[in-house]
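The first residue of the sequence shown is numbered 1, and numbering continues consecutively from there.
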Amino acid sequence: MKEELEKYNDYKCQLKVLDKELRKEQNKEAKISGSNFEVNGDIRPKGYMSNNIENQIINKTDRIKEIEEKIADLKARIEIIDYALKTLKNNDRIAIQMRFFNKLSYDTIANTLNLSDRKAAQKKVTIAIVKMEKVINNVKLTK
């Protein structure tokens, strides 16, 4: 769970990049320039053109499917983290968000949450991670 939390911001960024890439692929058109065309100085017949277009379409479809699968995976990871976060008490959730999403130090977390010291903040974050892991494991067991 700790590793997933550390990657949370990366997942969000990757999701934005992939969404943009998906829209770009969906809007990309196959290049058609006539019934006969030239490739490296050679005139290619009509059949070659259709094969070229078919290959472009197949490649585009495969690329779109690949991007959609990556997007689905990232969304699932984000959803799991968000779900587990929602089950935490407010101070636990804030501690996790400060540490992993905002990349703040344990000293800052301790000061913000009125904890005694850095070690208390570390313990709060560790306990919150364990709680999140239990929630996720319970969800996996019920499916």
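Put simply, the side chain of Tyr11 does not reach to within 4.5 Å of the side chain of Lys75, judged on heavy atoms. Residues Thr87 and Arg93 are not in side-chain contact: their nearest non-hydrogen atoms beyond the backbone lie 4.5 Å or more apart.
Panel note: side chain Asp117, backbone Lys119; a donor-acceptor pair is recorded below 3.5 Å. Looking at Asn9, its side chain does come within 3.5 Å of a backbone N or O of Phe101 through a donor-acceptor pair.
For the residue pair Ala121 and Ala110, the shortest heavy atom distance occurs at CB-N, 3.8 Å. Contact detail for Arg118 and Asp107: the closest heavy-atom pair is CB-OD1, 3.2 Å. Between Leu88 and Ala128 the shortest heavy-atom distance is CD2-O, 3.8 Å. Here the shortest heavy-atom pairing between Leu115 and Lys124 reads CD1-CD, 4.0 Å.
Expressed to the nearest 0.5 Å, how far OG1 of Thr112 lies from CE of Met98 amounts to 3.5 Å. Distance check, rounded to the nearest 0.5 Å: CD1 of Ile67 to CG of Asp19 gives 10.0 Å. To the nearest 0.5 Å, atom CD1 of residue Ile96 and atom CD1 of residue Ile129 are 4.5 Å apart. Expressed to the nearest 0.5 Å, how far CG of Asp92 lies from CG of Leu113 amounts to 9.0 Å. Here the straight-line distance linking atom CD of Glu79 with atom CG of Asp82 works out to 8.0 Å at 0.5 Å rounding. Rounded to the nearest 0.5 angstrom, Cys13 SG and Leu74 CG are separated by 10.5 Å.
A salt bridge does not link Lys7 with Glu3: none of the charged nitrogens is closer than 4.0 Å to a carboxylate oxygen.
With respect to Arg99, the side-chain contact (heavy atoms from CB on, under 4.5 Å) criterion is satisfied by exactly one of Ile94, Thr108, Ile109: Ile109.
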- Start with the C-alpha distance between Arg77 and Asp73, add both sets of side-chain angles, then the distance that settles salt bridge (charged side-chain N to carboxylate O under 4.0 Å, His left out), and finish with yes or no. CA-CA 6 Å; Arg77 290 171 185 271; Asp73 179 60; 3.0 Å; yes

- For Glu25 and Lys60, run salt bridge (charged side-chain N to carboxylate O under 4.0 Å, His left out): C-alpha distance rounded to whole Å, both residues' side-chain angles, the deciding distance at 0.1 Å, then the answer. CA-CA 7 Å; Glu25 279 296 324; Lys60 177 182 171 180; over 6 Å; no

- Task: Would you please test Val125 and Lys2 for side-chain contact (heavy atoms from CB on, under 4.5 Å) and show each step?
- Result: CA-CA 10 Å; Val125 168; Lys2 183 177 179 183; over 6 Å; no

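Aromatic ring centres of Phe100 and Tyr8 lie farther apart than the 6.0 Å criterion allows.
For Arg23, there are no salt bridge (Lys or Arg N to Asp or Glu O under 4.0 Å) partners two or more places apart in sequence or in a different chain.
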